[in-house]
Amino acid sequence: MMKKELKIKSNKTNQQKQKRTNPLANVFDDFIDFCQSKSLFMLHYCTGCGAIELPPAMTSRFDMERLGIQPMVTPRQADILLVTGYVSVKTLKRVILTYEQMQAPKYVIGICSCTVNGGMYWQSYATAKKLNEYMPVDVYIAGCMPRPEAVLEGLNRLKNNIKNDRKEQKGSAWKDYYKNYDYYLGNQQNLFGKEWQTPVDVIAEAKLYGLEGEGTYGENTKKLKMVQHPLLPQEMKL
Amino acid sequence: MSFVEIISELVLMPLIAFVVGLMMVLMMRKISARLQRRIGPPFFQPIYDIVKLYGKDTQVSHGLIHDIGIVMAVGGYIGAEILLPVPGMEGIADKGGIITLSYFLMIPSLGMALGVGQCANPNGSIGISRALTAMLAYDIPFIIVVFGAAWHYESTSLIGMIEYQQANAWGIIEMPFLAIAGLFALQGMLGKQPFEIYIAPAEIATGPMVEMSGKYMGGLFVMQTFQLYTAGVLYASLFLGGGESWLDLLPKAFLVVAIPMSIAFLFPRYKTEDLIRILWKWPVMLALIGLAFIL
Ligand code: SF4
């Protein structure tokens, strides 16, 4: 059976974005941060009705491309995950799978009140209420539904956060997923059951980035270890 | 030519190609924006994109062949650049000629096929099989056009062709049918709508690029700049008399690239079998008629 190995290489040995001593390296880092804030590829996961405000934000009326933001179609290529609207339990699984496949640095934007606190689906049995219990969210754009101006405002705020990342330690919500993996995993397990696991080995990635923290391990990761089975490629069947 | 001169040309030619290619990418995006009544990206957007992609923290490699595939994809075009004579620089164009160049232009597709094969993503495999099918489709008119041009100019060297055109008339005046067929082939070669079967974002999620991320995607962005430059300059050298100076060549190259782009954003795309049918029918017919006139 063919065995495929995913090798994940890391650019910098220590991923903590801290000022380096070499002045040239600083200039270089700043330049990369600047480019990162100027060029954002987004993956819009159109889960709910809020998605309807994205076409006007992208096309001729508001034109996102002038801000350097353009849509991409796979999680591998994308920087931002836009979750547009209520996430049902079934959808949330897919959102998490997608989020874990994205390449760091990655950002999540929750559009619509439904991602903030459940919105008008507060009493629904099938809807996940708060998105940031399951994955770190960078920016929330509230409203039912927010107008394209608000969407662009939120994206601009994210861009500023990325540019000032090193100074103010903003825009690094993705690191929180590694540092507090136990918390997020626990919430996911509560919702999806004890058998829940994803193809991505988050703990190994946390080690690789040097982002292991107090919260990376805990009760829930122990539970995961018990049920986790290694991922093998599926057999070809006709 | 001295050794130092040759080496400096071999470095300079791809570098110039890269910079001009970046402008062409910008032009492409601006054209699409203007056709849709948008403002379009800022001036340095292509550079931001490439730097951002190379600066990503995670770089997922699927193995050695994946890495080599991308190197082949970019390297094939770099090889093509030094075979493409430009004003003031000939590189090794006098050693190669148009036949070597056509072979070099196939390397990137094959490199992508290799690299994507190891990603083991079904969308990628569909994409690459479509890309190779498209190559089969556009290469037949392209080869007829190249053969016709070489026959007409009595030379397979691009330098000879450009000299002939500058002494006599431009190729597009002497062989209009071949020039039109060449434009068709160009549209297929650039993979633009309506022949955009292998990218097809809404259908197979950008096909070959589906598993590419970080620097691999950056490599493909760099490849695209080279691709546009090669297409523009090659067509200009074949039919528009090359250029005596950069001021002469660059407008021609930009014009040539702007034509497929303006057509592209007005059309949806064909199905794979329709693409082959249409590329083997109209451009081949035009090219054969053109060939009959000059033989
Ligand atoms: S906030 Fe309103 S518009 Fe947005 S997903 Fe919820 S119900 Fe729909």
Side-chain angles (χ1 to χ4, degrees), chain A residues 2-12 14-17 28-29 31-41 43 58-79 100-106 162 172 174-175 200 205 208-211 233-234, chain B residues 26 29-30 32-67 117-124 127 199-218 220-221:
Chain A
M2 189 188 70
K3 196 160 171 255
K4 191 166 72 87
E5 274 174 31
L6 268 187
K7 270 184 264 159
I8 300 178
K9 287 179 200 149
S10 128
N11 253 2
K12 306 152 197 164
N14 186 2
Q15 291 293 321
Q16 311 283 16
K17 284 196 176 175
F28 193 68
D29 281 354
F31 179 57
I32 287 186
D33 272 5
F34 178 73
C35 289
Q36 271 171 353
S37 75
K38 283 283 181 185
S39 149
L40 290 167
F41 296 164
L43 182 71
M58 267 187 279
T59 48
S60 51
R61 182 70 200 273
F62 292 100
D63 188 18
M64 241 177 220
E65 201 183 11
R66 73 202 151 89
L67 304 176
I69 301 167
Q70 48 169 327
M72 280 281 161
V73 289
T74 77
R76 294 271 188 231
Q77 303 162 356
D79 305 305
E100 289 186 351
Q101 282 180 52
M102 283 168 64
Q103 318 282 293
K106 50 190 170 184
I162 298 172
S172 320
W174 62 275
K175 289 178 189 160
V200 179
E205 279 191 9
L208 187 87
Y209 291 137
L211 286 176
Q234 282 188 327
Chain B
L26 180 77
R29 291 176 63 173
K30 278 279 185 198
S32 92
R34 285 296 147 88
L35 286 178
Q36 297 162 358
R37 300 202 180 166
R38 289 187 289 119
I39 296 174
F43 186 76
F44 288 111
Q45 191 63 43
I47 300 183
Y48 296 149
D49 285 350
I50 291 175
V51 173
K52 194 263 321 238
L53 284 169
Y54 275 91
K56 276 272 207 194
D57 286 337
T58 326
Q59 312 274 9
V60 176
S61 166
H62 291 268
L64 185 65
I65 302 293
H66 185 206
D67 301 1
Q118 203 174 25
C119 295
N121 187 315
N123 278 332
I199 309 288
E203 189 185 349
I204 48 170
T206 62
M209 278 118 77
V210 66
E211 277 291 320
M212 303 292 176
S213 61
K215 60 182 174 186
Y216 302 93
M217 191 70 184
L220 294 184
F221 272 51

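Each chain gets a letter, A, B and so on, in the order its sequence line appears, and its residues count up from 1.
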Among A/Asp63, A/Val73, A/Thr74, which residue has the highest count of heavy-atom pairs closer than 4.5 Å to chain B? A/Asp63
Nearest atoms (heavy-atom pairs only) where B/Asp49 meets A/Gln70: OD2-NE2, 3.5 Å
Closest approach of B/Gln45 and A/Gly68, non-hydrogen atoms and distance? OE1-CA, 3.4 Å
Can you tell which part of A/Phe41 gets under 4.5 Å to a heavy atom of chain B, answering side chain, backbone, both or neither? both
What part of A/Thr59 gets closer than 4.5 Å to chain B, counting heavy atoms only: side chain, backbone, both or neither? backbone
Got a second to check how far [X]'s [atom1] is from [Y]'s [atom2], nearest 0.5 Å?
| X | Y | atom1 | atom2 | value |
| --- | --- | --- | --- | --- |
| A/Lys175 | B/Asp57 | NZ | CG | 7.5 Å |
| A/Gln101 | B/Glu211 | CD | CD | 7.5 Å |
| A/Ser39 | B/Ile47 | OG | CD1 | 12.0 Å |
| A/Arg76 | B/Tyr216 | CZ | OH | 11.5 Å |

Check for a donor-acceptor pair, side chain of A/Gln77 on one end and backbone N or O of B/Met209 on the other, with a separation under 3.5 Å. yes
I want to check something: taking the side chain as every heavy atom from C-beta on, are B/Lys56 and A/Asp79 in contact at a cut-off of under 4.5 Å? yes
Go through the atoms of [X] and report whether side chain, backbone, both or neither lie under 4.5 Å from a heavy atom of chain A.
| X | result |
| --- | --- |
| B/Gln36 | backbone |
| B/Met217 | side chain |
| B/Leu53 | side chain |

Out of B/Gly214, B/Ala33, B/Gly40, which one racks up the most heavy-atom pairs below 4.5 Å with chain A? B/Gly40
